[in-house]
S.K.: 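Pasting in a structure now, in structure tokens, and then I'll have a few things to ask.
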Amino acid sequence: MRTRLTALAATAAVLVAGPALAQDFSLEPTFGTLNLMTGYVPDPAVIPLIAGGDIDASGLGETCNGFISNPPDFRVNYEAGTDFPLIISAVSDADTTLVVNGADGSWHCNDDHDGLNPAVTFTSPQSGQYDIWVGIYGEATTAPAGLYISEIVTGSEAMGTSGEH
């Protein structure tokens, strides 16, 4: 019986410790929050921010990489319609990465969607909270970046650049 209780306690400790590996989306976003309803204008919404941080994003999933901060960089509260995707992208002179915690709680990551610029597209987005981290592909560095929230284009397309340097 004691062995069984010890095994149950160990399992419970692992389950409790598991979510601690994820970024803390309960924290206030560093660069703000935007409430959007499908069909919003202007599209794209552009948010200037500083990308990067000191936390390795690779622990969030096999497609996640780069270095990000602990709190989200930005939060979008999105009310979805039926006609449009939700496209989250970043543009910078640095090699940026993107980490998004979607409305359903799942993690989505991208690096180099278009040149050095990342993008995550939700083809049938759910209504809810999207927490966003813009990372840098390189340890403990930061760089200015533009975060683009759109239903029609990526940031690279909006700027007319592939982001290759």
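Small disclaimer: the values here were computed from a predicted structure and weren't measured.
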S.K.: State the CD-CD1 distance between Glu157 and Ile87, to the nearest 0.5 angstrom.
M.R.: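 Going from the CD atom of Glu157 to the CD1 atom of Ile87 covers 7.0 Å.
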S.K.: To the nearest 0.5 Å, what is the distance between CZ on Arg75 and CG on Leu27?
M.R.: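 These two atoms lie 8.5 Å from each other.
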S.K.: Nearest 0.5 Å, what's the CG-CD distance between Asn35 and Gln129?
M.R.: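 So the gap between those two atoms works out to 10.0 Å.
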S.K.: Does any non-hydrogen side-chain atom of Leu36 lie less than 4.5 Å from one of Leu86?
M.R.: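 Side chain of Leu86 against side chain of Leu36, heavy atoms only: no contact under 4.5 Å found.
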S.K.: Between Ile68 and Ala57, what is the shortest heavy-atom contact and its length?
M.R.: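 Looking at all heavy atoms of both residues, the shortest contact is CD1-CB, 3.9 Å.
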S.K.: Where the side chain of Thr142 meets the backbone of Ile50, is there a donor-acceptor pair that is under 3.5 Å apart?
M.R.: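 Answer holds: no.
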S.K.: Check the pair Thr38 / Asp83 against side-chain contact (heavy atoms from CB on, under 4.5 Å), numbers first and verdict last.
M.R.: CA-CA 8 Å; Thr38 193; Asp83 297 334; 5.9 Å; no
S.K.: Please confirm whether the backbone N or O of Glu151 pairs with a side-chain atom of Asp43, one donor and one acceptor, at under 3.5 Å?
M.R.: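 The answer is yes, because a donor-acceptor pair under 3.5 Å joins these two groups.
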S.K.: Between Asn110 and Ala119 (side chain of the first, backbone of the second, donor and acceptor by atom type, cut-off under 3.5 Å), is there such a pair?
M.R.: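 Checking the backbone N and O of Ala119 against the side chain of Asn110, a donor-acceptor pair under 3.5 Å is found.
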S.K.: Which hydrophobic side chains are connected to Ile152, either touching it within the sub-4.5 Å cutoff or through other members that do?
M.R.: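 Hydrophobic cluster check, Ile152: joined to Val153.
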S.K.: Is there a donor-acceptor contact under 3.5 Å from the side chain of Ser127 to the main chain of Ala80?
M.R.: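 Flag set: sc Ser127 to bb Ala80 pair under 3.5 Å.
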S.K.: For Tyr130, check ring pair (Phe, Tyr, Trp, His ring centres under 6.0 Å) against everything at least two apart and list the hits.
M.R.: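 Partners of Tyr130 by the ring pair (Phe, Tyr, Trp, His ring centres under 6.0 Å) criterion, ordered by chain and then number, come out as Phe122.
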S.K.: Just by modelled atom types, is the Asp131 backbone N or O under 3.5 Å from a matching donor or acceptor in the Asn101 side chain?
M.R.: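 No; judged by distance alone, with no hydrogens or angles, the pair does not exist.
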S.K.: Which heavy atom of Ile47 sits nearest a heavy atom of Phe31, and at what distance?
M.R.: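 Smallest interatomic distance, heavy atoms only, reads CG2-O, 4.4 Å.
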S.K.: Identify the heavy atoms of Ala51 and Gly135 that sit nearest to each other, and give their distance.
M.R.: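 Scanning both residues completely, I find the closest heavy atoms to be CB-O, 4.1 Å.
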S.K.: Can you tell me how far CG of Leu98 sits from CG of Asp112, rounded to the nearest 0.5 angstrom?
M.R.: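 If I round to the nearest 0.5 Å, the distance is 11.5 Å.
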S.K.: In Å, rounded to the nearest 0.5 Å, how long is the span from CG of Asp93 to CG of Asn117?
M.R.: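 The CG atom of Asp93 sits 9.0 Å away from the CG atom of Asn117.
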S.K.: Return yes when atom CZ of Phe74 has more than 12 non-hydrogen atoms of other residues, nucleotides or ligands closer than 6.0 Å, and no otherwise.
M.R.: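 Atom CZ in Phe74 is packed in, count exceeds 12.
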S.K.: Is it true that a side-chain atom of Tyr40 and a backbone atom of Ser150 form a donor plus acceptor pair closer than 3.5 Å?
M.R.: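 Side chain of Tyr40 to backbone of Ser150, a donor-acceptor pair under 3.5 Å: yes, one is there.
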S.K.: Which ILVMFWY residues can you reach from Phe84 by hopping between side chains whose heavy atoms are under 4.5 Å apart?
M.R.: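 Members alongside Phe84: none; it stands by itself.
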S.K.: Looking at every non-hydrogen atom in both residues, tell me the closest pair between Ala158 and Pro44 and how far apart they are.
M.R.: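 Looking at all heavy atoms of both residues, the closest pair is CB-CG, 4.0 Å.
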S.K.: Using every non-hydrogen atom in the two residues, find where Ala145 and Val134 come nearest and quote the distance to one decimal.
M.R.: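 Looks like CB-CG1, 4.4 Å.
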S.K.: Roughly how far, to the nearest 0.5 Å, is CG of Leu147 from CG of Asp73?
M.R.: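 Rounded to the nearest 0.5 Å, the CG-CG separation comes out at 8.0 Å.
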S.K.: Leu49, Val120: one ILVMFWY side-chain cluster at the under-4.5 Å cut-off?
M.R.: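 Hydrophobic grouping puts Leu49 with Val120.
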S.K.: Ser58 and Asn65: side-chain donor and acceptor closer than 3.5 Å?
M.R.: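 Side-chain D/A pair, Ser58 to Asn65: absent.
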S.K.: Hey, is the main chain of Pro71 close enough, under 3.5 Å, to the side chain of Trp133 for a donor-acceptor pair?
M.R.: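 Yes, Trp133 side chain to Pro71 backbone: donor-acceptor pair under 3.5 Å.
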S.K.: State whether a side-chain donor-acceptor pair under 3.5 Å links Asn70 with Asp24.
M.R.: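 Side-chain D/A pair, Asn70 to Asp24: absent.
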